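Hydrogens, waters and symmetry mates are skipped; everything else that's a heavy atom, side chains included, is used. Being a predicted model, the structure only gives us computed values, none of them experimental.
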Amino acid sequence: MNSPFCGKFRVTQQYKPGQHDGLDLVGIDSKEIHATVSGTVHYAGWENPSVHTQGFGQYVCIRGTDGLFYYYGHLSELRVRTGQAVACTDVI
């Protein structure tokens, strides 16, 4: 799997089973998020359109060519749409 950032980034919160279900990263050199795999955008939008602060907020879910789902949450903007094909390293 590729990195979601081009350039330097730092981990702001680590994965902790039963406490935190993801790995939180922040870009240092760039804030653009890149697809870590090639596949199809399964969903791009708000987790809860009525309550934007809930869960992932704006997120993208990509179904990789390997059949697995890859989630990118807490995004400030979306550069892809549901159904769109993406290649590894495309800005999402």
Under the side chain to side chain donor-acceptor pair (under 3.5 Å) test, which residues partner Asp66, sequence neighbours left out?
Tyr70
What's the spacing between Lys31 NZ and Glu77 CD if we round to 0.5 Å?
13.0 Å
For the hydrophobic clusters of this structure (ILVMFWY residues joined by side-chain heavy atoms under 4.5 Å, transitively), does one cluster hold both Leu75 and Phe56?
no
Taking all heavy atoms of Ala35 and all of Val86, pick out the closest pair and write down the distance.
CB-CG2, 4.4 Å
Sequence neighbours excluded, the answer for salt bridge (charged side-chain N to carboxylate O under 4.0 Å, His left out) partners of Glu32 is Arg79
Kindly say whether Lys8 contributes a backbone atom to a donor-acceptor pair with the side chain of Asp29 at under 3.5 angstrom?
yes
Does any N or O in the side chain of Thr40 come within less than 3.5 Å of the main-chain N or O of Gly83, such that one atom is a donor and the other an acceptor?
no
Shortest non-hydrogen contact from Ser3 to Thr36?
C-CG2, 3.9 Å
What heavy-atom pair brings Ser38 and Cys88 nearest, and what distance separates the two atoms?
OG-N, 2.9 Å
So which atom in Cys6 and which in Ser30 form the shortest heavy-atom distance, rounded to 0.1 Å?
O-CB, 4.2 Å
Geometric class of the Tyr59/Tyr43 ring pair [parallel <30°, tilted 30-60°, perpendicular >60°]:
tilted
Are side-chain heavy atoms of Ile33 and Phe5 found at a separation under 4.5 Å?
yes
Geometric class of the His42/Phe69 ring pair [parallel <30°, tilted 30-60°, perpendicular >60°]:
perpendicular
CG-CZ distance between Asp24 and Phe9, expressed to the nearest 0.5 angstrom
12.5 Å
Please say yes or no: joined through hydrophobic side-chain contacts below 4.5 Å, possibly via intermediate residues, are Leu25 and Val60 part of one cluster?
yes
Separation of Asp21 CG from Lys16 NZ (nearest 0.5 Å):
12.5 Å
Any side-chain heavy atom of Leu23 sitting closer than 4.5 Å to one from Val11?
yes
Ile92 side, atom CD1; Arg81 side, atom CZ - distance, nearest 0.5 Å:
14.5 Å
How long is the span from the CG atom in Leu78 to the OH atom in Tyr72, to the nearest 0.5 Å?
13.5 Å
When you measure from the side chain of Gln84 to the backbone of Val41, do you find a donor-acceptor pair of N or O atoms at a distance under 3.5 Å?
no
